[in-house]
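Below: the structure, in structure tokens.
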2 protein chains.
Amino acid sequence: MSTTRGARQLTIKEVASHAGVSPMTVSRTLAGGRNVRPDLQERVMAAVRELGYYRNENARSLRPGQPSGLVGVAITNLANPYYGNFALGVEEVAAEHGRRILLGNTGEDDARERQLVSDFIGRQVDGLILVPTSGDAAHLRPERLGDVPLVLASRRVPGLDVDTVLLDDVGGSYRGTISLLDAGHTRIGFLGNRSSVFTGERRYRGYEQAMTERGVPIDPTIVARDQQDVEAASRAARAMLDREDAPTAIFSANNRNTIGALREIGRRIRDGLPGPRPAIVSFDDFELSELMPVPVTVIDHDARLLGREAAILLFSRLDDDSLDPAARTVELPVTVEHP
Amino acid sequence: MSTTRGARQLTIKEVASHAGVSPMTVSRTLAGGRNVRPDLQERVMAAVRELGYYRNENARSLRPGQPSGLVGVAITNLANPYYGNFALGVEEVAAEHGRRILLGNTGEDDARERQLVSDFIGRQVDGLILVPTSGDAAHLRPERLGDVPLVLASRRVPGLDVDTVLLDDVGGSYRGTISLLDAGHTRIGFLGNRSSVFTGERRYRGYEQAMTERGVPIDPTIVARDQQDVEAASRAARAMLDREDAPTAIFSANNRNTIGALREIGRRIRDGLPGPRPAIVSFDDFELSELMPVPVTVIDHDARLLGREAAILLFSRLDDDSLDPAARTVELPVTVEHP
DNA sequence: ATCAGGATTGGTAACGTTACCAATCTCAAG
DNA sequence: CTTGAGATTGGTAACGTTACCAATCCTGAT
């Protein structure tokens, strides 16, 4: 099927003959017009406008050494506003550098990530920006990527020494937990991800450091580290709060867990259930946190900035050959905002 | 600069000589292996694995009739979770069809949209999905787009008759407003966008229809239709609620306005200001709406589904030449969820 | 008027791939 | 042992573009 689907794409040749010049003159004009007589440039541009010609970027990038102007971006979950903002930041900086982004969603699926990376490379991307899943890293090794620079965001990959942008997970979690301890809490629950998730590990470490430093023992019965979605987080919070010795405060290591915990707390208040109304410290901001029925301290950060930084690291490698090849890490600060 | 940046991309020729066959045999093997001896296929695949070869998709799509496998997607604001979900829906369906998406953010800027569309076409996209800005549509006319199918989402463009996916803005707003009227409210404020924004117009129309049908006059002093962001929405809500004859309920036509209104209401409650605590009907859901200090009725919908539908419309055109060329419109239902 | 030097223009080849065609090989039937 | 049909393999050209080189044009100095 599909032998002819309307007029096919115009070529430089057609523009040339329409303007009465050679293809080379058209090419030069489009490339900036160096060494082309102004009147010919005018004729060429007129023909381009008249015919509605678009230069074929794929053919262009076929010539050796020519960059494609594409950046492959794979993130784990576009539905999460955090990653939406991240993607926006990347897109902004890419646009400033005249590049486009090829976007893929991995859904935390390792196989999908491999597939995306292969495809991106097949499409000749100039660089890759990745929020890696936690799986195997063989497909990200330099020898597999050839000369395509890679920047990791949010998470590291064990054994992969490349440019990375991170949040100050440990510091933020530490300060957030300290603020609870300062307020007199000693039974502080933890909701988060398991250690195999990079940020899950780091954020737990911050919590742990603060508790240890203040000599407050960590009670594993009020530490839940395996919730990926709001539903599971809500259940974990319920189990914690149903206990005799329920926590008086909860440290939530990410947005999903915070929402889940607040749902459960809201339910208990509505239903008039007894027990503490725990204070919350949330790693990740969310809208209207100030209107919640319990005080929410927010460990906030700018995902868009994280995206911008990732893109900046990437383009610095692309645009500067003399750059020290050693991997760089940027760790963005987070703020702790009291209610 | 950049004469040699490490090893350049591998070619099919190198794979061929490594496997001891001709480039054509490699090409055929990669294309599925029809009419290639199994042992040669094996040798080829081994060479591909060993060398880490990726087929150059750009060169591939250079041949006439070959689709690029790319879809250009331009949305207005990736930071908005609504559009993040939309993009996710598009990406999912594109992936199911073996396509990748080129993503651009217009930021409601007309010039940027034009630029993105040009670039997308230059990169030989097989189709375009657009949340259009409200400006001029000349660059979206069929004669400018050649044979590249276009699908619009969320909004129509005046004078452009193409496949479109919309929400049932009018019906949802009508039903939401009716629910306020049913609850006995007669002073119902409106927060939304101006008429030149497609959804702004439609959502106002639903409000208007409900009010008119019930014989409740619309008071222009409590209709604010020019807020794009939370800040402005908050100010508009404040102005409304500061009035002697403040509304007892507010219809908010979008997420940004809802958040703004709730911020202002929260402030008034915290500060103990007098005046009504208006009920809210919000077009667009947001998390934890059930925990708000005033009842919030949510007109909900699935942005991800909207994205999926847009992609489905597009791929139906790409994959079925015999399709009736008449433009189709899909209007997705919305739900009205009482608190 | 002549000529060097630079500006301008155009022709050719090559980028990596695959459609098309021609060449070779296999094998069963005569 | 020949024949021919079908399977398999490889060579060539072309997709749209631009780097490189050669050809031509123009300018001002002699």
Side-chain angles (χ1 to χ4, degrees), chain A residues 1-5 7-44 47-48 51 53-69 119 121-125 146, chain B residues 1-5 7-44 47-48 51 53-69 119 121-125 146:
Chain A
M1 76 190 92
S2 91
T3 42
T4 44
R5 186 202 298 293
R8 106 211 147 298
Q9 219 46 242
L10 285 168
T11 76
I12 212 172
K13 248 181 230 160
E14 289 159 284
V15 176
S17 72
H18 193 268
V21 296
S22 78
M24 270 314 298
T25 299
V26 177
S27 175
R28 270 190 278 254
T29 302
L30 260 31
R34 259 176 52 83
N35 289 354
V36 180
R37 244 169 42 213
D39 59 318
L40 286 193
Q41 290 193 42
E42 205 34 70
R43 288 228 305 269
V44 168
V48 165
L51 299 173
Y53 165 79
Y54 298 95
R55 187 161 58 174
N56 184 331
E57 295 294 330
N58 287 354
R60 212 157 112 74
S61 73
L62 191 55
R63 322 221 61 256
Q66 291 286 338
S68 69
D119 190 90
I121 292 182
R123 291 182 190 282
Q124 313 302 113
V125 293
Chain B
M1 83 194 87
S2 93
T3 41
T4 43
R5 188 200 296 295
R8 104 206 151 298
Q9 218 46 242
L10 284 168
T11 78
I12 210 172
K13 244 180 237 164
E14 290 159 283
V15 176
S17 72
H18 193 267
V21 297
S22 77
M24 271 314 299
T25 300
V26 177
S27 175
R28 270 189 279 254
T29 302
L30 261 29
R34 258 176 52 84
N35 288 354
V36 180
R37 245 168 43 213
D39 59 318
L40 286 193
Q41 290 192 42
E42 205 34 71
R43 288 227 308 267
V44 168
V48 165
L51 300 173
Y53 165 78
Y54 298 96
R55 189 159 59 174
N56 184 331
E57 294 296 328
N58 287 354
R60 215 158 111 73
S61 74
L62 191 57
R63 322 220 63 255
Q66 291 286 339
S68 68
D119 190 272
I121 292 183
R123 291 182 190 281
Q124 313 303 111
V125 293

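The chains referred to below are lettered A, B, ... by the order of the sequence lines, with proteins before strands, and numbering in each begins at 1. Just so you know, these numbers use all the heavy atoms, side chains as well, and skip hydrogens, waters and symmetry mates.
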side-chain hydrogen bond (donor to acceptor under 3.5 Å, both in side chains) partners of [X], counting only residues at least two apart:
X: Arg60(B); result: Glu57(B)
X: Asn35(A); result: none
X: Thr29(A); result: none
X: Asn58(A); result: Ser61(B)

* **Minimum side-chain heavy-atom gap Ile12(A)-Arg55(A) below 4.5 Å** => no
Between the protein and nucleotides 22-24 of chain C, list the N/O to N/O atom pairs that are separated by less than 3.5 angstrom.
none

* **Pairing residues for Leu62(B) by the side-chain contact (heavy atoms from CB on, under 4.5 Å) criterion, not counting sequence neighbours** => Asn56(A), Ala59(A), Leu62(A)
* Applying side-chain contact (heavy atoms from CB on, under 4.5 Å), name anything that partners Ser22(A), two or more places apart in sequence or on another chain. => Met24(A), Thr25(A)
Please state how far atom [atom1] in [X] lies from atom [atom2] in [N], giving the value in whole angstrom units.
X: Asn58(B); N: dG16(D); atom1: CG; atom2: P; value: 15 Å
X: Ile12(B); N: dG16(C); atom1: CD1; atom2: P; value: 11 Å
X: Leu62(A); N: dA14(D); atom1: CG; atom2: P; value: 17 Å
X: Arg55(A); N: dT18(D); atom1: CZ; atom2: P; value: 5 Å
X: Leu30(A); N: dT18(D); atom1: CG; atom2: C1'; value: 12 Å
X: Gln66(B); N: dC15(D); atom1: CD; atom2: P; value: 14 Å
X: Gln124(B); N: dG16(D); atom1: CD; atom2: C1'; value: 9 Å

* To do: With heavy atoms under 4.0 Å as the rule, sort Arg60(A) into base, sugar-phosphate or nothing.
  => sugar-phosphate
* side-chain N/O Tyr53(A) vs dT17(D) OP1/OP2, d < 4.0 Å -> yes
* Asked: Taking OP1 and OP2 of dT17(D), is either one under 4.0 Å from a side-chain nitrogen or oxygen of Tyr54(A)?
  -> no
* If a pair satisfies salt bridge (Lys or Arg N to Asp or Glu O under 4.0 Å) and one of its residues is in residues 24-37 of chain A, list it, with sequence neighbours excluded. => Arg37(A)-Asp39(A)
* **Angle between terminal axes - the helix from dA1(C)-dT30(D) to dG30(C)-dC1(D), 5 pairs each end, rounded to 10°** => 50°
* Quick one: salt bridge (charged side-chain N to carboxylate O under 4.0 Å, His left out) partners of Arg63(A), sequence neighbours excluded? -> none
* Along nucleotides 7-12 of chain C, 5' to 3', which nucleotides get a B, which get an S, and which get a -, given that the test is a protein heavy-atom distance under 4.0 Å? -> -BBBB-
* To do: Would you give the length of the straight line joining atom NE2 of His18(B) to atom CG of Leu10(B), rounded to the nearest 0.5 angstrom?
  => 10.0 Å
* Counting distance only, does the side-chain N/O of Arg123(B) pair as donor-acceptor with the main-chain N or O of Ser68(A) below 3.5 Å? -> yes
